[in-house]
2 protein chains.
Amino acid sequence: MKTEQDIFLAYLKSRGLNLTAERSKILQTVFSFHRHFDLDDLYDEIRRHKARVSRATIYRTIPLLMESGLIREVFRCMDRPHYEHIYGHDHHDHMICLGCGKVLEFKDERIEKLQNEVCAEFGFESVEHRLGIRGYCRECREGQVKRRGAAGT
Amino acid sequence: MKTEQDIFLAYLKSRGLNLTAERSKILQTVFSFHRHFDLDDLYDEIRRHKARVSRATIYRTIPLLMESGLIREVFRCMDRPHYEHIYGHDHHDHMICLGCGKVLEFKDERIEKLQNEVCAEFGFESVEHRLGIRGYCRECREGQVKRRGAAGT
DNA sequence: ATTGAGATTGAGACTAAATCTCAATAAATT
DNA sequence: AATTTATTGAGATTTAGTCTCAATCTCAAT
């Protein structure tokens, strides 16, 4: 079983890049999250561990992690992109509550399958897809929870 | 059959707002497009017709059009939101080619239906959803077309 | 038609996310 | 060890989008 490091290292090598201490720290932090995160979550978490990596470096590293297939952008919330690590996790889609901002994950094989069918029809080769359903979760529908902010896929 | 104007006007009235010349021009231009558009497309097209509406006003009007259900944000391309008018059009989803930037539209009732099922399971009330599949179109797969830029949902 | 309250606009100031620059440093290669 | 190339951080820069505000417009009630 390959570790995330192995994969990232292989990707970097293939591009003539090095796995530096900063990149390693970012990678490690990304995989310490069990939730979606944005750039500031990353930055803060790294600092909390008494490490220092500049924002510029994080901005530069995120595309590398995406290209190596370790993370993906999942949706936008408060107008900022949010990410999740995908290595070792099944693919899933999201429901985003417009009331409380909560994110529910779901997976439906039948939907995935139909998507593949549609792609085949069009001769389209799918690399990835993103399905986001915006609406109101059970709790918000029942009216207890106050509004927060808009969420966008 | 209600026109777009009727709908927009009713929406504005319901909020105590007026249908001004600027809003009317924006509305008319939005519905003159047969493709996805971004804010600058709108701005340029309005100017091309010798009319003048400031960017600030366009920025202010887009949310009104969205709330009135006349347009929706469909995806991000080159990091800018793109819109389409939806009144009088069936809902559909998108395939975005990472090679040439082309956008294909498709609709599959079965997928829609399954989405509703999933929502029901979670007690989630869907307001809208967005499904974007990124990959390579037939032409790009066959290798004739050059890369352009990244597209994001 | 006139008036006044509130809505609307455009221009430019402002904000903040993201990118770029560049000098200093680190890593890999010879 | 020397050379080349990659990397970093700090801060400058860019730019989409928002906000401010004075001038104008709209509408409903006179």
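Lettering of chains follows the sequences in order, A, B, ..., and the numbering in each one begins at 1.
- Residues that satisfy the side-chain hydrogen bond (donor to acceptor under 3.5 Å, both in side chains) test with A/Thr29, not counting sequence neighbours, are absent from this structure.
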Check the pair A/Leu27, A/Gln5 against side chain to side chain contact (heavy atoms under 4.5 Å, CB included), reporting the backbone distance first and the verdict last.
CA-CA 8 Å; A/Leu27 177 71; A/Gln5 280 244 359; 3.8 Å; yes
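- The ring-ring contact (aromatic ring centres under 6.0 Å, His included) pairs that include a residue from residues 15-37 of chain B are B/Phe31-B/His85, B/Phe33-B/Phe37, B/His36-B/Phe75, B/His36-B/His94, where partners are two or more places apart or lie in different chains.
- Look at CG on B/Asp40: it is 11 Å from C1' on D/dT15, rounded to the nearest Å.
- Counted by atom type alone, B/Tyr59 and B/Arg55 present zero donor-acceptor pairs between their side chains at under 3.5 Å.
- Where DNA chain C meets chain B (any atom under 4.0 Å from a heavy atom), the bounding nucleotides read 5' to 3' are C/dA7 to C/dG10.
- We find that A/Arg48 and A/Glu45 are joined by a salt bridge, their nearest charged nitrogen and carboxylate oxygen being less than 4.0 Å apart.
- Contacts with DNA chain C (heavy atom under 4.0 Å) in residues 17-27 of chain B: B/Leu17, B/Asn18, B/Thr20, B/Glu22, B/Arg23, listed by number.
- Atom CG in B/Asp79 sits roughly 13 Å away from atom C1' in D/dT14 (whole-Å rounding).
- The stretch residues 46-72 of chain B comes close to DNA chain C through B/Arg52, B/Val53, B/Ser54, B/Thr57, B/Arg60, each having a heavy atom under 4.0 Å from the strand.
- Distance, A/Lys13 NZ to D/dA6 C1': 10 Å, rounded to whole Å.
- Taking a pair to require two hydrogen-bonding distances under 3.5 Å in either a Watson-Crick or a G-U wobble arrangement, C/dT25 pairs with D/dA6.
- For the pair A/Asn116 (side chain) and A/Lys113 (backbone), a donor-acceptor distance under 3.5 Å is absent.
- Using Watson-Crick or G-U wobble geometry with both donor-acceptor distances under 3.5 Å, D/dA29 finds its partner in C/dT2.
- Salt-bridge check for B/Arg35 with B/Glu105: passed, with a basic side-chain N closer than 4.0 Å to an acidic carboxylate O.
- Counting heavy-atom neighbours within 6.0 Å of A/Lys107 NZ, excluding the residue itself, gives a total above 12.
- Every residue two or more places apart in sequence or in another chain that forms a side-chain contact (heavy atoms from CB on, under 4.5 Å) with B/Ile86 is listed here: B/Arg72, B/Glu84.
- Side chain of A/Asn18 to main chain of A/Thr20: no donor-acceptor pair is present (N/O by atom type, distance under 3.5 Å, no hydrogens or angles).
- The backbone N or O of A/Asp38 sits less than 3.5 Å from a side-chain atom of A/Asp41, completing a donor-acceptor pair.
- Residue B/Tyr83 contributes atom OH, which lies 10 Å from atom C1' of D/dG17 at whole-angstrom precision.
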